[in-house]
Every structure is written in structure tokens, then in C-alpha cells.
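Right, one structure below, let's go through it.
Chain letters run A, B, ... following the sequence lines, proteins first and then strands; every chain starts at 1.
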2 protein chains.
Amino acid sequence: MKVSNLAKALNTTADTVRYYTKIGLLHPQKSQLNGYMFYNAQQQQRLSFILTARHLGFSVKDITNIFHETDNNHTGCKLVRDIIKQRLVEVEQQFLDAQALMKLMKQAIGEWDHLPDKTPTSQSICHLMDSFSAIQSEINPAKSLTETLKSTKANLTETDNNGEMHENK
Amino acid sequence: MKVSNLAKALNTTADTVRYYTKIGLLHPQKSQLNGYMFYNAQQQQRLSFILTARHLGFSVKDITNIFHETDNNHTGCKLVRDIIKQRLVEVEQQFLDAQALMKLMKQAIGEWDHLPDKTPTSQSICHLMDSFSAIQSEINPAKSLTETLKSTKANLTETDNNGEMHENK
DNA sequence: ATAAACCTAAGTGTAACACCTAGGTCAACA
DNA sequence: TGTTGACCTAGGTGTTACACTTAGGTTTAT
């Protein structure tokens with residue numbers, strides 16, 4: 001079938017199908033007459049796999065690797081299992097992050113509902129700044145967790161209590 | 001303080017600070033002598049707000065809007081409250097999605113652990129394809145939920161049981 | 001004096017597509 | 001048969017929020 005047909009059948013877009021084709025994940029047959037691309041049942045199954053994998057959080061690169069394995073007569077099972085296990089850790093973190101965020105946001109909304117709407121503080125962003133500052137101390141560690149792997153050592157310069165830095169000049 | 005100092009103090013990168021400066025979220029003082037940018041306490045607080053907001057899932061555009069309000073003598077409270085409430089819905093969905101994914105992935109890993117590693121099926125991607133196909137029916141609705149807003153009507157062409165499409169030609 | 005460490009602006013790269021352009025194709029209707 | 005409208009192609013640009021690179025000037029420390 002043609003590109004839009006396939007796209008609609010698997011609930012995606014023609015552009016996406018073309019993209020996967022372009023980067024070599026799908027191998028349609030190209031008509032000699034008009035250049036149209038035709039996808040058979042096997043390609044449909046391939047796309048189905050891609051879409052599901054993408055939804056599970058696999059990157060396109062991951063999928064490329066998997067296909068590279070399986071297209072070369074390997075099963076790819078171990079690879080996929082490894083990637084999934086890795087992804088599972090990330091998803092669990094996302095779960096926790098989302099949970100924490102929900103709590104904080106509900107809390108913030110709750111607090112604000114008790115405050116009048118138009119009482120600007122010295123810093124002009126009313127109490128938002130204050131609320132956000134309070135939240136930030138709870139938020140940042142969470143962020144650190146997620147990005148610990150790639151973060152270089154923090155190496156913070158010490159601050160005084162005015163939040164002003166010592167410009168050792 | 002200078003860009004790297006500020007970045008380290010708030011646990012971000014100099015590039016990020018330069019980016020926010022470039023798009024007008026931060027307004028440092030530029031030295032006449034050497035062109036170096038200097039950020040005072042107020043700018044530091046601004047950046048702190050930006051980082052926290054970003055971590056709460058606000059887009060840079062959202063933050064731009066908020067600053068646009070607050071910089072024009074409005075409090076921005078209502079705007080922020082609205083955006084947060086809107087974001088809360090998304091975060092709740094992320095929470096549910098992550099939960100569902102965790103379940104499915106654990107399930108998949110569990111199943112595969114009972115199967116041998118190298119038993120290719122007819123489709124060459126061993127049982128991955130089968131497992132994924134089974135998962136997909138559960139996954140796709142979740143995706144639809146997330147993307148319902150922007151998805152045009154599905155308008156699926158009917159498929160026969162071979163997964164082959166009728167090419168009404 | 002010179003190296004290490006910092007700074008600048010401007011440009012390119014990233015992920016995974018979405019959207020647009022210009023032009024060819026196909027099915028149906030008048 | 002002409003023409004509309006829906007489809008297709010390749011190739012290009014736009015998107016988000018930065019990270020990275022380049023080329024060159026500056027500051028700091030030894």
C-alpha cells in the first residue's frame with residue numbers, strides 16, 4: 001500500500017513513514033512508473049514494531065541498532081532486553097519525578113489560592129518568586145538525580161547570605 | 001558575577017546562561033572594556049526563577065510570557081496559575097503513562113526471561129515482534145490520549161485478518 | 001613571558017519529526 | 001476530454017532548548 005494508507009492504518013503520519021524510510025528503517029518498493037512507494041505486509045509489521053518501540057521510549061537509534069542485529073541473522077533479544085531494562089530505570093525515574101512534581105504543583109496552587117491575586121512584592125513577580133524559591137530546594141536534588149550521570153562535579157563557589165557572590169578579583 | 005560563576009552557583013551551564021541572555025530573559029551589564037557580561041543579584045534571582053520553572057515543565061516561551069507580564073507592572077499570578085494548572089494535567093498524564101509503561105516493560109522482561117534467547121520466529125525478530133504486537137494494543141490508546149488534542153480524525157481503512165490492506169485500485 | 005583558564009559572538013549540531021514548496025499523478029465527474 | 005481535487009515525490013526549512021565548535025581577545029597565575 002501507499003504511504004498515506006500505511007500511515008492511517010497504523011495511526012501515524014505520512015511524514016513519519018517517509019522519515020523512517022529515508023533513514024533506512026523501512027524498505028518499500030519503488031514503482032518504476034511514477035516513483036510511488038509501496039509497503040507490503042512485512043514492512044507494515046516493521047513499522048508496527050517501530051511505533052511500539054518508540055512509544056516504549058526507545059530512540060530511533062536504538063531501533064536502528066536492533067534492526068541492524070536482526071537483519072543480520074541475529075535475534076536481537078539480548079540487545080532489546082538490555083535496552084528495555086535500561087529504559088525501565090529511566091521510566092521509573094520519570095514516574096517518581098512526575099509524582100513529585102504533581103505534589104509540588106498542587107501545593108503551590110493550593111497556597112496561592114489563599115493569597116490575594118495582586119500583591120506584588122519587592123521583586124515584582126509577586127509571591128511566585130518566593131514560592132518557586134521554596135520549591136527549588138526540593139526540586140534541584142531531583143534534577144541532580146536524573147542528570148547525575150552526565151553532570152561534572154558541581155564545584156560551587158561559596159555564596160554569602162545575600163545571595164551575592166564573592167568576585168575574587 | 002561573570003557567566004561561569006553564575007552558572008556554577010545555580011548548577012547550570014554557561015551556555016544556558018548565554019542562551020537565556022541572548023533570547024532576552026536575562027539582562028546582564030556589559031563591560032565597556034572587554035565586553036564581558038556581569039550578572040547582579042537580581043539577575044541571579046531571575047535565573048533561579050527560570051530554572052525552577054523549566055524544571056516544573058514550563059516552556060521557555062511560557063517564561064517569556066510571564067516575564068513580559070511581570071516586567072510591565074502586572075503580577076503575572078493569574079497567568080502562572082493558569083499555566084501551572086494546565087501543566088498539572090500533563091504531568092498527571094505523564095505519571096499515568098510512566099506507570100503503565102513500567103508495568104508493561106516489567107511484564108515483557110518477565111516473559112522473555114522464561115524464553116530461550118535464540119529462537120527466531122518466522123519474522124526474524126524472534127519473539128520481540130510478537131511481544132511488542134501484544135503490547136501495542138494496550139499502548140496505542142495511551143498514546144492517543146496524549147495526542148488526542150492535535151490528532152486529526154483517525155479515519156482508518158478497514159483491515160482483514162491477515163493485516164493486509166484492501167488496495168482499492 | 002607565557003601558559004592556563006576565562007570570555008565574546010557567531011555558527012553548527014542534536015532528535016524526531018512537521019510543514020512547505022514545486023511539480024508530477026490519479027480517480028472521478030461534467 | 002478537460003478539469004478539479006486528492007494524492008504522490010524529493011528536497012528544503014522550521015521546531016525546542018540548548019551543547020558544542022571556532023576564532024579570537026582577556027585575565028590570572030606562575
Measuring to OP1 and OP2 of [N], would you say a side-chain N or O of [X] lies under 4.0 angstrom away?
| X | N | answer |
| --- | --- | --- |
| B:Lys30 | C:dA9 | yes |
| A:Asn34 | C:dC26 | yes |
| A:Ser4 | D:dC8 | yes |
| A:Ser59 | C:dA15 | no |

Nucleotide nearest B:Thr13 when distance is taken to its side chain, options D:dA10, D:dA19, C:dC17: D:dA19

The side chain of B:Arg54 is closest to which nucleotide in this list: C:dT8, D:dC7, D:dC18? D:dC18

Hey, are A:Lys85 and A:Asp82 close enough for a salt bridge, meaning a charged N less than 4.0 Å from a carboxylate O? no

Please determine whether a side-chain nitrogen of the Lys or Arg among A:Glu92 and B:Lys106 lies less than 4.0 Å from a carboxylate oxygen of the Asp or Glu. yes

If you find the nucleotide of DNA chain C closest to B:Val3 and the one closest to A:Tyr36, which residue's nucleotide is nearer the 5' end? B:Val3

Would you call the rings of A:Phe67 and A:Phe49 parallel, tilted or perpendicular, where under 30° means parallel and over 60° means perpendicular? tilted

Tell me the interatomic distance from [X], atom [atom1], to [N], atom [atom2], rounded to whole angstroms.
| X | N | atom1 | atom2 | value |
| --- | --- | --- | --- | --- |
| A:Leu6 | D:dC8 | CG | P | 11 Å |
| A:Leu26 | D:dT9 | CG | P | 13 Å |
| B:Leu47 | D:dC18 | CG | C1' | 14 Å |
| B:Asp62 | D:dT16 | CG | C1' | 13 Å |
| B:Lys61 | D:dC18 | NZ | P | 15 Å |
| A:Leu33 | C:dG24 | CG | C1' | 13 Å |
| A:Lys8 | D:dA6 | NZ | C1' | 9 Å |
| A:Lys2 | D:dA6 | NZ | P | 14 Å |

Side-chain contact, heavy-atom cut-off 4.5 Å: B:Gln29 with B:Tyr36? no

Check DNA chain C against residues 15-24 of chain A and give the residues with a non-hydrogen atom under 4.0 Å, in numerical order. A:Asp15, A:Thr16, A:Tyr19, A:Tyr20

Between A:Arg46 (side chain) and A:Ile50 (backbone), is there a donor-acceptor pair under 3.5 Å? no

Check side-chain contact (heavy atoms from CB on, under 4.5 Å) between B:Tyr19 and all other residues, then give those that pass, not counting sequence neighbours. B:Ile23

Can you establish whether the number of heavy atoms outside A:Glu90 located under 6.0 Å from its atom CD is more than 12? yes

